[in-house]
There are 2 protein chains.
Amino acid sequence: MKTKLIALAALTLAATAQAQQAPKPEQLIKWRQSAYQTIAWSTARVKANVDGSYNKDDAARAAGVIAALANSNLGVLFPAGTETGKGWRDTTVKASLFTDGAGVGAAAAAFSKEANELARVTQGGDVAAVKAQLAALQKTCKACHDDYRNN
Amino acid sequence: MKTKLIALAALTLAATAQAQQAPKPEQLIKWRQSAYQTIAWSTARVKANVDGSYNKDDAARAAGVIAALANSNLGVLFPAGTETGKGWRDTTVKASLFTDGAGVGAAAAAFSKEANELARVTQGGDVAAVKAQLAALQKTCKACHDDYRNN
């Protein structure tokens, strides 16, 4: 009996650990919609700075968020099994994202490169340079959306 | 006529700039729900590492996202006029967040402090220290939720 209880407890713990490490598809979809929306917010924040009265600290903070997310391996939010489903809303991901590993890897690398460069450039005070780098970053956003997102 | 057109163009530009700098309440609510959901994702990611097979790089990336957001002045997502409304869903913020500036400031500072410490600790390989610091961070999450969020 005691052995059985211990075995049951071990199974429960293992199941709990696995549940923690394998969130449900709808949870992953909600998280990735949130992560990209956070990038959209931060991009809009940098843009508001370069289009309006420039605040170096505000722009750098926003760019820091984009870079941290770009460096965080967002691919973990797109495991097999999340091709369809609903997070905050129905996912808009294209099936090709789950099959075109090389293309997705290149798109992610381009995004990370430009995001880190934006974080670097916002540390200086050259607004024109920030504006140019924001445009370079946004090109990588659009390229990935064109290829891997239904609009 | 020409002067009038220029004046009109200037007004339009000013309105555009203002629109960019003053997103609508529903946009701000969606962004803040996304930002906090991104923090929740990253916190779960650190937790999965300390509870399971520890991957230092993965934990550090997740902690980097939390720190970047904690340092980004999330208060800009809670301007007057966003006390109620719907982003991804109806906001759960309490009215007190908009009136208790000192309390909110202290809660935000505590969160930032523990988030930056977590980012620092994940750079090392001491899993027990990461686990302890994650708990310290989560205490600041809970304290703020208790005071300023309807559950």
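Only heavy atoms go into these numbers, but all of them, side chains included; no hydrogens, no water, no symmetry mates. A note on names: the letters A, B, ... follow the listed sequences, proteins ahead of strands, and every chain is numbered from 1.
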Rounded to the nearest 0.5 Å, the CD atom of Gln33(A) sits from the CD atom of Gln33(B) at a distance of 12.5 Å
Within residues 92-121 of chain A, residues adjacent to chain B where the heavy-atom gap is under 4.5 Å: none
Within residues 67-88 of chain A, which positions have a heavy-atom distance to chain B below 4.5 Å? Ala68(A), Leu69(A), Asn71(A), Ser72(A), Asn73(A), Leu74(A), Val76(A), Leu77(A), Trp88(A)
Is Tyr148(B) reachable from Ile29(B) through a run of hydrophobic residues whose side-chain heavy atoms are each under 4.5 Å from the next? no
According to a hydrophobic-cluster definition based on side-chain heavy atoms being under 4.5 Å apart (Ile, Leu, Val, Met, Phe, Trp, Tyr only), do Leu137(A) and Val46(A) belong together? yes
Return the minimal non-hydrogen interatomic distance between Trp31(A) and Ala44(B), and the atom names on each side. CH2-CB, 3.9 Å
Specify the closest pair of heavy atoms between Trp41(A) and Ala35(B), including all atoms of both residues, with the distance to one decimal. CZ3-CB, 4.4 Å
Region of Arg32(B) that comes under 4.5 Å of a non-hydrogen atom in chain A: neither
